[in-house]
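Sequence lines set the chain letters: A, B, ... in the order given, protein chains first and strands last, and positions in each chain run from 1. Bear in mind the structure is a predicted one, so any value in this text is a computation, not a measurement.
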Number of protein chains: 2
Amino acid sequence: MQIGEISQRCGITVRMLRFYEAEGLLQPHRTGSGYRDYSEADLEEAKRIKQLADAGLTVEAMHDLLPCIISPKPTFHPCDRLRARLEGEVAKLDQRLADMERSRSQIVGYLADLPVDTLVPMSQD
Amino acid sequence: MQIGEISQRCGITVRMLRFYEAEGLLQPHRTGSGYRDYSEADLEEAKRIKQLADAGLTVEAMHDLLPCIISPKPTFHPCDRLRARLEGEVAKLDQRLADMERSRSQIVGYLADLPVDTLVPMSQD
DNA sequence: TTTGACCCTAACAACGCTGTCAGGGTGCAT
DNA sequence: ATGCACCCTGACAGCGTTGTTAGGGTCAAA
């Protein structure tokens, strides 16, 4: 199938399909005229990529992961590096989550201190 | 004081002080020779900026916020736009937090399904 | 054969900072 | 007057995508 069709079927934009390919993921066959020609297997792989992307993984991470993933469920091949990688991703996410939580409570704190416009007379001007 | 000193005192790099200035925040006086000359008031403002930056706010958000903030605690001037802005920031953070939580549990789910290397024989090669 | 939908590559722009480098002044001390 | 620490501006690089545009082929249908 052509890129437009697989795009619709897996939910990845044409732009991103080409981008992933340039990054070394999902390289389809080409027709004589240079058109990308995706197989059903490519479609399954594309769906997996979409899952990982939605999970917030970078292309670089997917690079390590995809060779180990065999089912769209996904199930994995035995692969210690994969486990380490995933654990690393979780750790990174946890770090960012903690940072954002801190930001959030900071701002919420600001809001709590915020006087209400209509009740507070202008004091400084 | 010069930029190097205020940098050390507020914890913002020299680079970022200049950047914030270019963005319209914190514009210090200049000496005859063009050196930035920061006042104590500038230092207080810089500290507020640092707080907001640490809270994850963008320069654009600070732009709206800073005119309303008068104390480094921070306390705010009455300012409805400010409240709306902060609430918007919280909403944005909540959105991102939710996304990341979803990513996290997705990956954790992957990990749970991951077979252990040493127990599973190589099947594919 | 001409239209129109589709495909191709290449490359620039943007997000929001942040570092770094180049090329050049300023100011104080020796 | 020489050095050294500090300052200045401007601009490029990088993060990891994602959109968009430009300039150009391909293919099937009317």
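Remark: C1' of C:dG25 and CZ of B:Arg30 are 13 Å apart, rounded to the nearest angstrom. B:Met16 places its CE atom 7 Å from the P atom of C:dC17, with the value rounded to the nearest Å. In this structure, the CG atom of B:Leu17 is 14 Å from the P atom of C:dC17, given to the nearest Å. To the nearest angstrom, C1' of C:dC15 lies 12 Å from NZ of B:Lys92. Put simply, CG on B:Leu57 is 18 Å from P on C:dC15, counting in whole angstrom units. When rounded to the nearest whole Å, the span between CZ of A:Arg36 and C1' of C:dC6 equals 13 Å. C:dC7 atom P lies 12 Å from atom CG of A:Asp37, rounded to whole Å. If you measure from atom OH of A:Tyr35 to atom C1' of C:dT9, you get 13 Å, rounded to the nearest angstrom.
Contact check, A:Arg18 against C:dT9: no side-chain N or O comes under 4.0 Å of OP1 or OP2. Checking the phosphate oxygens (OP1, OP2) of C:dC7, no side-chain nitrogen or oxygen of A:Ser33 falls inside 4.0 Å.
Between its opening and closing five pairs, the helix from C:dT1-D:dA30 to C:dT30-D:dA1 changes axis direction by 40°, a value rounded to 10 degrees.
In the 5' to 3' direction, nucleotides of DNA chain D lying under 4.0 Å from heavy atoms of chain A begin and end at D:dT17 to D:dC27.
In summary, A:Arg104 and A:Glu101 do not engage in a salt bridge, as defined by a charged side-chain N under 4.0 Å from a carboxylate O.
Of the candidates C:dA11, C:dT18, C:dC8, C:dA11 carries the atom nearest the A:Arg15 side chain, counting heavy atoms from C-beta on.
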